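Everything below concerns the one structure shown next.
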Amino acid sequence: MRFGGLLTLIFVCSVDTQNIGKFWHISDHHLDPYYNAEGQNPIDVCPSSYGRESANPGPLGDYNCDSPWELIKSSVHAMKRLHANPDFIIWTGDDTLHTSDQDKYLGPEKVLEIIGNITAVITEVFPDSRVFPAMGNHDYHPKNQIPPGGSVIVSALAGMWEHWLTKDAYITFRQEGYYKDTVPGSENHIMMVLNSNYWYNSNKAVDGTGDPGLQFRWMKLSLESARVNNQKVFIVGHISPGYFELVSNFRMLWYYSEFNNRFISIVREFDDVIAGMFFGHHHTDTFKIVKDTKGNVISSMLLAPGVTPWATTLPGVVDGANNPGIRLVEYDKDTMMLTDYVQYYLNLDEANQQSEVDPASLWKEEYRATQKYGIPDVTTTSLNSIAKAMREGCESKDSVCPTSFNNYHVLNTVSYNKDPCDENCQKYHLCAIMEVEENGYNSCMDNWGSDAIRPTAHLSGIFMGLIVYANIV
Ligand SMILES: *[C@@H]1O[C@H](CO)[C@@H](O)[C@H](O)[C@H]1NC(C)=O
Ligand SMILES: [Zn+2]
Ligand SMILES: [Zn+2]
């Protein structure tokens, strides 16, 4: 018996029993069909520039503009070249251009046409892949104002995406813009796709109270049923709870306050069931940690960067552009544990110079999460260890510190902004990463710099840092 036990142990340790799957996470394509790089005047290259000058517009885009069609097309063909047979694709929304004059450049038909264009290219390039689209706040006209209970646009989207939806998913999507299904290739597990726009504080079709579209009720019932059936759940949506890490001058919770609290309390109740959460909307590469009421880290979300390079016009953001990104996530198909992801990107400036080359071949690996951050996987524990290391600083100035703040900061804009992240910048990022709740966030922002929150340089030895950190969370 003892011998048999030993053999079993050797077997378990030496054979790779993980059954690794891969899926694409793409987001925020924001097609600007009016983009014209040949434009005479630098302020007329695209309506999405809001009158800002496009210094160097090229065939694949400009950092002050939303995506030209060439960029979107190349991103989908790049996905095919880089990993042609994903288990599935999650697509977290926002397809139309940002513009100061919505009614001039957009309307219900134009919004549907743009989403239809992107749906068509994804379907054409990935005819055999299941795609899980989530509605973004720019997938409606007027933007953000998605009413509970159904609408012409949401019905039309259900029709447009019917080939990706099961019958049940089609029915709930058509009514409320959310749905669930089993995970292709991991049929014992659940994909839950949210209509996070119902909780968005810019959506005036809801008032921030109650349960729009009964989505919270549906979430809870679905998570309860998953728990009973021993299923794990991936949660997919456009807008995440918590804060935007680039905004400096006001404290903006994306969701209505009551909805933010409700979402977090559901995550706390079902942290054992939720295997991963995936969002877009920021256009940046970041993540968020969820803690229980005692401050213990219990869950996390991965935010994938956008395809659009568009520099945000949000007040308080200095240079909010990014390089276009697409992300391949790796997971254990049996347990749904997140094992890694690879971030691919297009260096837009360089790509615009290479007009002779197929642009799909210019998308390159930016980094692999486990390698770049020196973590074993991309689970909550590992993501939290990145945040912890960023908070406590690097040990040695000479050695490459994979978790140093500037390392993360460059990745945050998909290797667009290489400026160092100063103390204020670090505060905005880390408070948004560590605190998805109002009280915790305000206290993080207010107390930043005091030793209790962030040890000063001489205290940042690993053990001191750990002790200080352990005392405050
Ligand atoms: C987008 O869709 C419209 C309507 O189907 C079509 O006329 C147009 O050519 C499409 N644009 C692109 C870039 O595919
Ligand atoms: Zn967006
Ligand atoms: Zn958005």
Side-chain angles (χ1 to χ4, degrees), residues 25-36 46 48 50 59-61 63 65-77 91-99 102 105-125 133-146 156-157 159-160 177 194-203 236-247 252-255 278-286 301 303-314 317 320-322 324-326 359 413-414:
H25 180 183
I26 52 175
S27 202
D28 295 90
H29 292 73
H30 290 284
L31 172 64
D32 187 340
Y34 310 98
Y35 180 90
N36 178 13
C46 62
S48 43
Y50 285 68
L60 294 166
Y63 291 106
C65 295
D66 274 320
S67 308
W69 180 246
E70 282 307 308
L71 176 64
I72 289 176
K73 208 171 62 179
S74 82
S75 75
V76 180
H77 286 280
W91 174 21
T92 49
D94 263 9
D95 301 310
T96 68
L97 65 146
H98 303 81
T99 158
Q102 248 200 114
Y105 296 104
L106 289 168
E109 297 78 19
K110 196 71 187 173
V111 165
L112 288 171
E113 180 184 314
I114 287 173
I115 303 172
N117 288 146
I118 301 173
T119 300
V121 69
I122 295 173
T123 306
E124 182 199 316
V125 176
M135 258 190 101
N137 53 303
H138 284 272
D139 299 328
Y140 199 78
H141 190 86
K143 68 178 180 194
N144 314 330
Q145 312 307 318
I146 302 160
L157 290 178
M160 194 186 288
L194 302 173
N195 182 0
S196 53
N197 304 290
Y198 282 178
W199 306 323
Y200 187 26
N201 63 20
S202 296
N203 186 353
V236 174
H238 180 64
I239 307 170
S240 60
Y243 292 83
F244 187 30
E245 77 278 10
L246 295 186
V247 168
M252 184 185 56
L253 206 50
W254 290 126
Y255 291 176
F278 307 91
F279 295 96
H281 186 64
H282 287 210
H283 301 188
T284 57
D285 176 343
T286 191
M301 323 169 193
L303 277 67
V307 168
T308 184
W310 182 80
T312 180
T313 52
L314 266 185
V317 179
N322 56 279
I326 52 176
T413 59
V414 199

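Everything numeric in this text was worked out from a predicted model, so none of it was measured. Start at 1 and go down the list; that is how both ligands and their atoms are numbered.
The presence of a protein heavy atom under 4.0 Å from atom 2 (O) of ligand 1 is confirmed. Using a 4.0 Å threshold on non-hydrogen atoms, atom 9 (O) of ligand 1 does not count as touching the protein.
Within the listing of ligand 1, atoms 13 (C) sit less than 4.0 angstrom from a heavy atom of Trp69.
Rounding to the nearest 0.5 Å places OG of Ser67 at 9.5 Å from CG of Asp28.
The shortest contact between atom 5 (O) of ligand 1 and any protein heavy atom is with Asn117 ND2, 4.6 Å. From the protein, the heavy atom lying nearest to atom 4 (C) of ligand 1 is Glu113 CG, 3.8 Å.
A parallel orientation is assigned to the rings of Trp310 and His98, their planes being inclined by less than 30° (bins at 30° and 60°).
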| Can Trp69 and Ile118 be said to form a side chain to side chain contact (heavy atoms under 4.5 Å, CB included), step by step? | CA-CA 9 Å; Trp69 180 246; Ile118 301 173; 4.2 Å; yes

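His238 contributes NE2 as its N, O or S atom closest to the Zn ion (ligand 3).
Taking the six-membered ring for Trp and the full ring otherwise, Tyr200 and His238 have centroids separated by 6.0 Å or more. When ring centroids are compared, His282 and Trp254 come within the 6.0 Å threshold.
For Asp94, the nearest N, O or S atom to the Zn ion (ligand 3) falls under 2.8 Å. For residue His281, an N/O/S atom approaches the Zn ion (ligand 3) to within less than 2.8 Å. For the Zn ion (ligand 2), the N/O/S atoms of His30 include one lying under 2.8 Å. Residue His98: no N/O/S atom is found under 2.8 Å from the Zn ion (ligand 2).
With a 6.0 Å radius and a threshold of 12 heavy atoms from other residues, nucleotides or ligands, Lys73 has its NZ atom at or below the threshold.
Tested against Thr308, the residues Asp66, Asp32, Asp95 include a single side-chain hydrogen bond (donor to acceptor under 3.5 Å, both in side chains) partner, Asp66. A side-chain contact (heavy atoms from CB on, under 4.5 Å) with Asp94 is found for exactly one of His30, Met135, Lys143, namely His30.
For the pair OD2 of Asp28 and NE2 of His283, the angle whose vertex sits at the Zn ion (ligand 2) is 90° to 10 degrees.
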